[in-house]
Amino acid sequence: MARYRFLTFNIAHARGPSPVHQTLRSRARLCDNLLKIARLITRLEVDFVALQEIDQDSRWSGSFDHLEFLRENTGLAHAVHGVNNRRVGRFHLNYGNAFLSRYPVHHHENVPFGKGTLGEKGFLFAEFDTPAGRLPVINTHLHHRSRAERMKQANLLTTFLDQQRTNRHPRWRIGPIVCGDLNNPAGQPDATDGLFGYLAKFETYTMFPRNRMGGLAHTFPSVWPRRPLDYVYLPGVCTEPRGMVVRSFLSDHRPVLVEFNLAPV
């Protein structure tokens, strides 16, 4: 029986927990915070990391590849970036979602929700080849203000998953793990509950992280968490699951760690 450790983390362009914009941070300070994030990932001994608000080459965050920096400093050999915002010119911007993994990426697709060059959200789909078989994962970041936009975005995501189930499901070891910054609490008629309802049509799912009372634990803001915004939807075939919010002040969000068992194929 193999045990896997999965982390989702909105790293806020490496600016740290302060609301001070990353444009006002020096490249050295951004690198220092990214190095701390890399050390956290290493200390947690994770196999997969889903990242949101991670820059590929953006002037406002040092004009270097943050994912490559993390890959080099974590030892997680496999990385894929899903860039949802692209802007060329003097104030160039390239950022979105990403994965780091101990295991090879068999296939990946990135889907922006729109065509914006600033603030655009989207999701990154990847399949990882592990000793337990092929694991499909969705990493998403939804709209932070508009419920209507989040519902549209969730519908795009579920339509995409319907297509993948038709074309790729026979090669999956499990149903898709879905994670990310959903920007709304659960238990309300919003995208978080909508996604859970969609996934539950196919098999049993559990949402993480949970608090001691069984409710969903808070992840934002990191200094004094008051809202649950970051989640992992884990299919029931993943046995003996355990989830937690990691105490961390490296972003305005706290990361969520989930571990589970899967029998080798």
Side-chain angles (χ1 to χ4, degrees), residues 7-105 108-126 128 137 139-141 144 179-181 220-222 230 246 248-255:
L7 189 77
T8 182
F9 193 8
N10 181 329
I11 64 168
H13 307 281
R15 66 175 175 263
S18 168
V20 174
H21 197 270
Q22 57 270 14
T23 308
L24 302 176
R25 302 290 192 188
S26 68
R27 176 170 174 147
R29 190 162 183 177
L30 293 168
C31 287
D32 180 65
N33 198 53
L34 283 169
L35 190 57
K36 291 175 182 176
I37 292 170
R39 289 170 180 162
L40 175 69
I41 290 169
T42 301
R43 176 173 63 82
L44 294 173
E45 299 182 314
V46 297
D47 301 294
F48 311 94
V49 186
L51 300 158
Q52 303 88 44
E53 291 191 5
I54 181 166
D55 290 85
Q56 187 180 72
D57 175 23
S58 298
R59 183 172 176 180
W60 67 10
S61 58
S63 296
F64 68 101
D65 191 331
H66 292 194
L67 182 62
E68 179 62 17
F69 184 98
L70 290 174
R71 190 189 69 80
E72 291 175 354
N73 285 280
T74 59
L76 296 175
H78 307 282
V80 58
H81 210 145
V83 176
N84 299 317
N85 299 263
R86 290 193 185 275
R87 178 189 290 177
V88 299
R90 184 178 178 185
F91 200 82
H92 52 281
L93 294 173
N94 300 278
Y95 67 94
N97 306 315
F99 285 115
L100 282 170
S101 172
R102 197 175 306 280
Y103 301 102
V105 179
H108 66 88
E109 295 181 48
N110 188 61
V111 181
F113 291 127
K115 298 181 180 180
T117 59
L118 178 65
E120 189 60 76
K121 303 294 193 289
F123 61 87
L124 176 61
F125 170 73
F128 300 95
V137 186
N139 173 14
T140 191
H141 190 186
H144 69 289
C179 70
D181 176 2
F220 180 88
S222 61
D230 306 89
V246 180
S248 166
F249 306 103
L250 302 176
S251 167
D252 56 353
H253 291 248
R254 290 191 179 186

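All residue numbers in this chain count up from 1 along the given sequence. Values below: every heavy atom of this structure, side chains too, minus hydrogens, waters and symmetry copies. Being a predicted model, the structure only gives us computed values, none of them experimental.
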- Task: Work out which heavy atom in Phe99 is nearest to a heavy atom in Ala50; give both atom names and the distance.
- Result: CE2-CB, 3.8 Å
- Verify whether one side chain among His253 and Ser251 offers a donor that lies under 3.5 Å from an acceptor in the other. no
- Task: Answer with yes or no after comparing the ring centroid distance for Phe128 and Phe48 against a 6.0 Å cut-off, counting only values under it.
- Result: yes
- Heavy-atom donor-acceptor pair, Gln22 side chain to Ser61 backbone, under 3.5 Å: no
- How many angstroms lie between CG in Leu51 and CG in Asn97, if you round to the nearest 0.5 Å? 8.5 Å
- For Arg87 and Thr117, the nearest pair of non-hydrogen atoms, with its separation, is NH2-OG1, 3.6 Å
- Message: Show, in sequence, the C-alpha distance, side-chain angles and deciding distance for Arg71 and Asp65, and conclude whether the salt bridge (Lys or Arg N to Asp or Glu O under 4.0 Å) test is met.
- Response: CA-CA 10 Å; Arg71 190 189 69 80; Asp65 191 331; over 6 Å; no
- For Gln52 and Thr8, test the side chains for any donor-to-acceptor distance below 3.5 angstrom and give the result as yes or no. yes
- Which heavy atom in Ser248 sits nearest to a heavy atom in Phe9, and how many Å separate them? OG-CZ, 4.3 Å
- So, does Asn139 use its side chain to make a donor-acceptor pair with the main chain of Ala98 at under 3.5 Å? yes
- Distance, nearest 0.5 Å, that separates CG of Leu100 from CG of Leu7: 10.0 Å
- Query: Cut-off 3.5 Å, side chains only: do Asn94 and Asn85 have a donor facing an acceptor?
  - Reply: no
- Partner residues of Val111 under the side chain to side chain contact (heavy atoms under 4.5 Å, CB included) criterion, sequence neighbours left out: Phe123, Phe160
- Item | Spatial distance of atom SG (Cys31) from atom CZ (Arg25) [nearest 0.5 Å] | 13.5 Å
- Message: Ring-plane angle category for Trp60 and Phe91, please: parallel below 30°, perpendicular beyond 60°, tilted otherwise.
- Response: perpendicular
- Message: As an exercise, state the distance from CG of Asn73 to NZ of Lys36, rounded to the nearest 0.5 Å.
- Response: 14.0 Å
- Query: Strictly under 6.0 Å, is that where the ring centroids of His13 and Tyr95 end up?
  - Reply: yes
